[in-house]
Amino acid sequence: GEDVEQSLFLSVREGDSSVINCTYTDSSSTYLYWYKQEPGAGLQLLTYIFSNMDMKQDQRLTVLLNKKDKHLSLRIADTQTGDSAIYFCAESKNQGGKLIFGQGTELSVKP
Amino acid sequence: DGGITQSPKYLFRKEGQNVTLSCEQNLNHDAMYWYRQDPGQGLRLIYYSQIVNDFQKGDIAEGYSVSREKKESFPLTVTSAQKNPTAFYLCASSGEGSGELFFGEGSRLTVL
């Protein structure tokens with residue numbers, strides 16, 4: 001079946017690293033995504049990883065994929081107050097197909 | 001600028017009324033989607049369309065209807081049959097490539 005799970009809340013101090021975790025059940029997923037949602041707005045793509053990759057780094061963001069455990073994580077280095085938002089992971093089986101989203105993790109960054 | 005435009009941003013409806021949410025994109029994307037967002041539940045797919053004049057039900061289609069007469073437009077009607085319509089509605093589109101979804105800013109529907 002298709003199911004994506006995330007913890008609902010994470011609180012960190014400004015300047016620390018944040019790690020947001022996600023587990024999924026569909027081993028045939030080909031793309032995994034991280035989206036960010038600010039209050040009252042739509043979702044913006046942060047980064048994505050193809051299923052044959054283990055890691056992807058983009059400036060302060062690092063995505064780790066453990067395909068054996070079906071575990072995806074997003075690390076944000078030097079977290080800033082502007083990073084406070086809800087972060088969604090999502091999976092897709094193919095290009096242009098529908099995405100399955102997790103419940104979202106609300107990240108709170110305290111000064 | 002290319003993007004997705006949803007309107008209205010806020011909408012209030014009395015029970016028993018149908019309402020239509022607009023979604024327009026100028027990204028030349030073939031596929032368009034409607035998601036519903038409730039607190040703590042993430043996004044759930046209502047309907048999607050991969051090409052003009054064709055659309056499929058998502059996971060929670062009951063009480064909703066859509067049309068796709070033009071590539072640019074994918075309006076969603078929330079009918080009186082939808083038992084709990086108060087929610088935040090998000091429209092998205094996707095083109096070729098990684099399957100990335102581009103989202104509109106959302107429409108918040110409140111039933112009074």
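Treat the numbers as computed from the prediction; the structure is a model and nothing was measured. In what follows, chains carry the letters A, B, and so on, assigned in the order in which the sequence lines appear, proteins first and then strands, with residues in each chain numbered from 1.
When side chains are defined from C-beta on, F102(B) does not count as touching L43(A), because their heavy atoms never get closer than 4.5 Å.
We find the CG-OH distance between L99(A) and Y48(B) to be 12.0 Å, quoted to the nearest 0.5 Å. Expressed to the nearest 0.5 Å, how far OH of Y33(A) lies from CD of E100(B) amounts to 8.0 Å. Note that the CG atom of L43(B) and the CD1 atom of I100(A) stand 10.5 Å from one another [nearest 0.5 Å].
For Q37(A), the part lying near chain B is the side chain, with the backbone staying farther off; criterion is any non-hydrogen pair under 4.5 Å. Only the side chain of L90(B) comes within contact range of chain A, with at least one heavy atom under 4.5 Å from a heavy atom of that chain.
In K9(B), the NZ atom is crowded: over 12 heavy atoms of neighbouring residues, nucleotides or ligands sit closer than 6.0 Å. Counting heavy-atom neighbours within 6.0 Å of Y10(B) OH, excluding the residue itself, gives a total of 12 or less. In the displayed structure, E14(A) atom CD is contacted under 6.0 Å by more than 12 heavy atoms of other residues, nucleotides or ligands. For CG of L8(A), the number of neighbouring non-hydrogen atoms (other residues, nucleotides, ligands) closer than 6.0 Å is greater than 12.
Under the 4.5 Å side-chain heavy-atom criterion for Ile, Leu, Val, Met, Phe, Trp and Tyr, V19(B) and Y89(B) are members of the same hydrophobic cluster. When the side chains of ILVMFWY residues are joined at heavy-atom separations under 4.5 Å, either directly or via intervening members, V19(A) and I49(A) end up in two distinct hydrophobic clusters.
A donor-acceptor pair is defined here as one N or O able to donate and one able to accept, closer than 3.5 Å; such a pair exists between the side chain of Y35(A) and the backbone of L101(B).
Contacts with chain A were tallied for R44(B), R108(B), Q37(B); Q37(B) has the most, counting heavy-atom pairs under 4.5 Å.
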